[in-house]
Amino acid sequence: MAKCVLVTGGTGYIGSHTTVELLEAGYEVVIVDNLSNSERFVLKGIRKITGKRVPFHKVDCRDLTRLGHVFARYKFDAVIHFAASKAVGESVEQPLLYYRNNLDSLMNILTLMRAHQVPNLVFSSSCTVYGQAEKLPVSEQTPRREATSPYGNTKHMCEDIIRDSVAAYPEIASIALRYFNPIGAHPSAEIGELPRGVPNNLIPFVTQTAAGIRPVLSVFGDDYNTPDGSCIRDYINVVDLAKAHVVAVKRMTEGKMKARFEIFNIGTGRGVSTLEVVRTFEKVNNLKLNYKIVGRRAGDIEAVWADPTFANEELGWKAEKSLDETLRSAWKWQQHLDGKQ
């Protein structure tokens, strides 16, 4: 009998790609999403890629009662928890929104996992927990530093909540995947990154500028201590990232964990600057982008990229897709997007 996975935030960017990879690996999936930062038509994209219709429940994870009804209806083997607010800049402006949404959602998930005997949680964590590390690249042994934004702080706090819960409740185990900067889209162009309003991430801004939706791309700062002065990040293809979640679920449900709370960095191991992304996008898609340098953005760190050795060796997972291929997929998604909405 196929194992069943609850994916919260499953119509979102990473959640939808992970749902596809779970289905293609033979899992059953149930999606919970409040559609606050996603669209219902994403479900059609998932169905078009996989040929499978996924049960969907429009529920806010902060609503313990309604979320409890979903847990009561199905027998879940694992939960992958994506549902969270995630924009660094917005979190600086609206910290209470971020603390309430991200912490309450997780605590409700853990409460219901205990009540309904769901043993396994894969948590969507972030490299923001490392802050501006003294030494790069960062490994899982790199000390967490004080967060530079409320968003980053919620990831700190959620990891601590999980660690304490796993220690107190032996029926629960968890894997936290600290991932770096997901970009790109499914090669089919049926699903991809779909920001509402003004994008907070780099690539939607790049693609929307290339498409003429936005007049200019703003590059936040060129005076960082990096080779070209712009911030450096570890950009990972979203399909590669999605596959890491499938591997994590398999590890948990097959009883292969070596501790009841495990943490893995999910990245490529290569740091790429903002300006390098812009130039690579222009090159692989034969385009010219209208961009300008503006001041630094509150909450941004200078540089971070992963040492993914532990995930490569222990999980048997590795990022496979190149930056060129990833940026081509992002542009293909943007070109197909108008017809989907």
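Throughout, numbering of the chain's residues begins at 1 and tracks the sequence. The structure presented is a predicted model; accordingly, all values stated were derived computationally and were not measured.
Counted within 6.0 Å of CZ on R296, heavy atoms from surrounding residues, nucleotides or ligands total more than 12; the atom is thus considered enclosed. No more than 12 heavy atoms of other residues, nucleotides or ligands shown are found within 6.0 angstrom of CD on E146. Counting heavy-atom neighbours within 6.0 Å of K52 NZ, excluding the residue itself, gives a total above 12. Few gaps surround CZ on R297; more than 12 heavy atoms of other groups in view lie less than 6.0 Å from it. Within 6.0 Å of the NZ atom in K48, the count of heavy atoms belonging to other residues, nucleotides or ligands does not exceed 12.
Cluster annotation: F261 is not connected to F264 through the hydrophobic network of ILVMFWY side chains, with a link wherever side-chain heavy atoms come within less than 4.5 Å. The cluster map of Ile, Leu, Val, Met, Phe, Trp and Tyr, joined by side-chain heavy atoms under 4.5 Å apart, puts I172 and I80 in different clusters. Under the 4.5 Å side-chain contact rule for hydrophobic residues, L103 and V88 do not share a cluster. A continuous path of hydrophobic side-chain contacts links F123 to M113 [ILVMFWY only; heavy atoms under 4.5 Å]. I162 is not connected to V122 by any chain of hydrophobic side-chain contacts under 4.5 Å among Ile, Leu, Val, Met, Phe, Trp and Tyr, and they are in different clusters.
Remark: T128 OG1 to R144 CZ distance equals 10.0 Å, nearest 0.5 Å. Interatomic distance, R47 CZ to L23 CG, rounded to the nearest 0.5 Å: 12.0 Å. Of the inter-residue distances, the one linking S218 atom OG with F205 atom CZ reads 6.0 Å to the nearest 0.5 angstrom. Atoms OG1 and CG, from T207 and L202 in turn, are 9.5 Å apart once rounded to the nearest 0.5 Å. Note that the CG atom of N237 and the OG atom of S329 stand 5.5 Å from one another [nearest 0.5 Å]. Note that the CE atom of M107 and the SG atom of C158 stand 8.0 Å from one another [nearest 0.5 Å].
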Exercise for the section: Report the C-alpha separation of E159 and I263 in whole Å, then their side-chain angles, then the decisive distance to 0.1 Å, and conclude whether the side chain to side chain contact (heavy atoms under 4.5 Å, CB included) test is met. Expected result: CA-CA 9 Å; E159 284 191 4; I263 293 170; 4.2 Å; yes

Exercise for the section: Given side chain to side chain contact (heavy atoms under 4.5 Å, CB included), test M252 with E262 step by step and report yes or no. Expected result: CA-CA 10 Å; M252 303 186 86; E262 296 182 331; over 6 Å; no

Problem - Chi angles and distances behind the side chain to side chain contact (heavy atoms under 4.5 Å, CB included) call for R40, L35 - result: CA-CA 7 Å; R40 194 181 288 268; L35 300 178; 4.0 Å; yes

Handout entry: CA sep, side-chain torsions, deciding dist, call: E190, H336, side chain to side chain contact (heavy atoms under 4.5 Å, CB included)
Key = CA-CA 8 Å; E190 291 296 335; H336 283 73; over 6 Å; no

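If you run side chain to side chain contact (heavy atoms under 4.5 Å, CB included) between S230 and each of V272, D222, L275, D223, only L275 comes through. Across I49, V238, I46, a single residue satisfies side chain to side chain contact (heavy atoms under 4.5 Å, CB included) together with H186, and that is I49. Each of L177, L315, I175 was evaluated against V247; a single residue qualifies, L315, per the side chain to side chain contact (heavy atoms under 4.5 Å, CB included) test.
Checked by atom type and distance alone, the side chain of N34 never pairs as donor or acceptor with a backbone atom of C61 at under 3.5 Å. Under a 3.5 Å cut-off, the side chain of T8 and the backbone N or O of A83 do form a donor-acceptor pair. Side chain of D33 to main chain of T11: a donor-acceptor pair is present (N/O by atom type, distance under 3.5 Å, no hydrogens or angles). The backbone N or O of V129 sits less than 3.5 Å from a side-chain atom of H156, completing a donor-acceptor pair. No donor-acceptor distance shorter than 3.5 angstrom exists from the side chain of K243 to the backbone of E21, with no hydrogens or angles considered. Remark: side-chain polar atoms of H116 are not paired, donor with acceptor, to backbone N or O of L112 under 3.5 angstrom. Judged by distance alone, the side chain of N201 and the main-chain N or O of I203 form no donor-acceptor pair under 3.5 Å. At least one donor-acceptor pair closer than 3.5 Å links the side chain of D77 to the backbone N or O of C4. Between the Y13 side chain and the I183 main chain, a donor and an acceptor come within less than 3.5 Å of each other. Using a distance-only test at 3.5 Å, with no hydrogens or angles considered, a donor-acceptor pair links the side chain of E282 to the main chain of L289.
Side-chain atoms of E276 and T226, non-hydrogen and from C-beta on, never get closer than 4.5 Å to each other. Taking the side chain as every heavy atom from C-beta outward, Y179 and S124 approach each other to under 4.5 Å. Residues L327 and Y235 fail the side-chain proximity criterion, which asks for heavy atoms closer than 4.5 Å. At a threshold of 4.5 Å between non-hydrogen side-chain atoms, the residues I266 and W317 count as touching. Proximity of P150 to V92: side-chain heavy atoms (C-beta onward) are separated by under 4.5 Å at one or more points. The side-chain heavy atoms of N265 and F180, taken from C-beta on, include a pair separated by under 4.5 Å. Counting only heavy atoms from C-beta outward, the side chains of R270 and W305 never approach each other to under 4.5 Å. In this structure the side chain of P204 never reaches within 4.5 angstrom of the side chain of Q334, judged on heavy atoms.
Here the closest heavy-atom approach between residue I14 and residue P182 is recorded as CD1-CG, 3.7 Å. Of all the heavy atoms in A78 and V249, the pair that sits closest is CB-CG1, 4.3 Å. Scanning both residues, V32 and V59, for their nearest heavy atoms gives CG1-O, 3.5 Å. In terms of heavy atoms, F76 sits closest to V5 at CD2-C, 4.2 Å. Taking each heavy atom of G131 and I301 in turn, the nearest pair found is O-CD1, 3.2 Å. Shown here for L287 and A210, the closest heavy-atom pair between the two residues is CD1-CB, 4.0 Å.
Checked for salt-bridge contact, E140 and R178 miss the test: no charged N lies under 4.0 Å from a carboxylate O.
Using a 30° and 60° split on the angle between ring planes, Y74 and H57 fall in the perpendicular class, above 60°. Taking the six-membered ring where tryptophan is involved, the planes of F281 and W331 are perpendicular, since the angle between them exceeds 60° and thus also 30°.
Taking the six-membered ring for Trp and the full ring otherwise, Y27 and H245 have centroids separated by 6.0 Å or more.
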